[in-house]
Protein chains: 2
Amino acid sequence: MTARTSTESSRDIPEATVARLPVYLRALTSLAEAGTSTCSSEALAAAAGVNSAKLRKDLSYLGSYGTRGVGYDVDYLRYQIAREIGVTQDWPVVIVGIGNLGHALANYSGFRSRGFRVVALLDADPARHGELVAGIEVRPFDDLERIVREHAVAIGVIATPAGSAQDVADRMVACGVGSILNFAATVLTVPAGVDVRKVDLSIELQILAYHEQRKAQGEPA
Amino acid sequence: MTARTSTESSRDIPEATVARLPVYLRALTSLAEAGTSTCSSEALAAAAGVNSAKLRKDLSYLGSYGTRGVGYDVDYLRYQIAREIGVTQDWPVVIVGIGNLGHALANYSGFRSRGFRVVALLDADPARHGELVAGIEVRPFDDLERIVREHAVAIGVIATPAGSAQDVADRMVACGVGSILNFAATVLTVPAGVDVRKVDLSIELQILAYHEQRKAQGEPA
DNA sequence: ACCGGTTTGTTCTCGCGTTCACAAACTCAT
DNA sequence: ATGAGTTTGTGAACGCGAGAACAAACCGGT
């Protein structure tokens, strides 16, 4: 959202494409583990659950990594996507709010395997301090600034109750955290230049409920 | 995706709007709890974190529930949105896969408060059977069909490892489950008419990592 | 009854994303 | 070398959603 005029070679990739790149990455990893060394856009698209034309257009934003008449080299393409997303490097992450969800996040293996390293678990409740979760000690929320500075943390995860989420976000932003993944059921307000992504479990269910209701309307029992 | 020609009075609401309605609902609940009985589109939009024009356009798909020169009655609008989404009724839900994430989901209070009732927790691991999670007994996965039939479950939640997710989805669909919320890190294939929403924690982080990387490129240390 | 101020509902325009369709480019067999 | 077959990369058309802007409608005071 900040005006980055990009004197770099970095073409700006559409947001919708960025959101799909991790899916392609996972599909490629899956193919590689199955022993496949080359794949067509059709095959990869099927594995990723998208249209093959869309896949090709998405990949074209990164460059021309395929060979016409042949397809894509799985390992090569995988590396290129990983580099573009940034998962070839190490991303230190802080999780704030060690309730049920915080526990689950701390134990989630999908983070570490993609370069995300949980460097600290923080909670405001003194009763939790010292507790070991996923082999990491839960520490006071006030340690946030020191930890962010020491580990150069750029990404923060908020798994607190809705009431505390904005405060946590403010503190994170003040410390220099540039991206926040928010699981709390509230709308966060952050300054321009800070990225926020929201995951709201009950909203997802409500969207499904809407569609279920529509289906049920058409077919009276 | 199925051709529902909608002889009903139900206008078809754009998908983007459907995804925002739960946000408005939450904002309205918040306003109601704060004692506000009337609000303008500007105020509600601010609370929901969207543009006021977008909010008004979204609400116009439901009908004309506001009063020009005045605004919206908080309780009235809240009920209308809740009815449209379907959260005025009770939605029985089954959760399959009681690992760390399944635990968190079972305990998540945001479900019950919005009409979603967890009627069963299922897991393939016999070691887990009988265990009490959130006051509900974990049962064998094979009980799925009976439970879905008995409770008329329409929505299923998958929180298993990626390897088992497709099997679970197939079984759910076979039982008549029409909507699936998938937390497993895999692309589910389901027949037309079945809705699937995917929540992938590591993908969200990867998207943030991409943006962080871009920010870091512009400012060399 | 009328007028100024306010706020909704809607129309219009613009930009983004998706999809189609095809030319360019590569492989392999002859 | 040439041609048939295959697959990528991209130009163009299309549809959806976002945002601006405005007319219609309502309230309150005089």
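When reading the values below, keep in mind they use all heavy atoms of this one structure, side chains included, and skip hydrogens, waters and symmetry mates. So that the names make sense, note that chain A is the first sequence line, chain B the second, and so on, each numbered from 1.
Taking 4.0 angstrom as the limit, N51(B) places a side-chain polar atom (N or O) nearer than this to OP1 or OP2 of dA20(D). Here Y72(A) reaches the OP1 or OP2 of dG9(D): one of its side-chain N or O atoms lies under 4.0 Å away. When the side-chain nitrogen and oxygen atoms of S41(A) are compared with OP1 and OP2 of dT8(D), one or more of them lie within a distance under 4.0 Å.
In this structure, Y61(A) atom OH and dT10(D) atom C1' are separated by 10 Å, rounded to whole Å. When rounded to the nearest whole Å, the span between CD of E42(A) and P of dT19(C) equals 13 Å. Whole-Å rounding puts the D58(A) CG to dT19(C) C1' distance at 12 Å. As rounded to whole Å, 15 Å separates atom C1' of dT7(D) from atom CG of D73(A). Atom CZ of R56(A) and atom P of dA24(C) are 16 Å apart (whole Å). Atom CG of L59(B) and atom P of dT10(C) are 11 Å apart (whole Å). To the nearest angstrom, P of dG9(D) lies 12 Å from CG of L44(A). In this entry the distance linking CG of L62(A) with C1' of dT8(D) reads 14 Å, nearest Å.
Side-chain proximity of P14(A) to the nucleotides dA18(D), dT8(C), dG17(C) is greatest for dG17(C). Checking dT8(C), dA18(D), dG9(D) against the side-chain heavy atoms of R20(B) singles out dA18(D) as nearest. In the set dA12(D), dT8(D), dA18(D), the nucleotide with an atom closest to the side chain of K54(B) is dA18(D). Closest to the side chain of K57(B), out of dG9(D), dG17(C), dT11(C), is dT11(C). Residue E15(A) has its side chain nearest to dG17(C) when only dT18(C), dG17(C), dT10(C) are considered.
Side-chain atoms of E212(A) come within 3.5 Å of backbone atoms of S179(B) as a donor-acceptor pair (strictly under, hydrogens ignored).
A 4.5 Å side-chain heavy-atom check between L208(B) and W91(A) finds every atom pair outside the cut-off. Side-chain atoms of K57(B) and Y61(B), non-hydrogen and from C-beta on, do get closer than 4.5 Å to each other. You'll find the side chain of T38(B) stays beyond 4.5 Å of the side chain of T67(B), heavy atoms only.
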Summarise how protein sits on nucleotides 25-30 of chain C as a single string, 5' to 3': B when a protein heavy atom is under 4.0 Å from the base, S for sugar-phosphate-only contact, - for no contact.
-> BBS---
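For the 3.5 Å distance criterion, the side chains of R83(B) and Q80(B) qualify, holding a donor opposite an acceptor.
Nucleic acid contact for Y65(A): sugar-phosphate only, since backbone atoms but no base atoms lie under 4.0 Å from a heavy atom of the residue.
Within 6.0 Å of atom CD in E42(A), 12 or fewer heavy atoms from other residues, nucleotides or ligands are found, so the atom counts as exposed in its surroundings. More than 12 heavy-atom neighbours from other residues, nucleotides or ligands sit within 6.0 angstrom of CD on E15(A).
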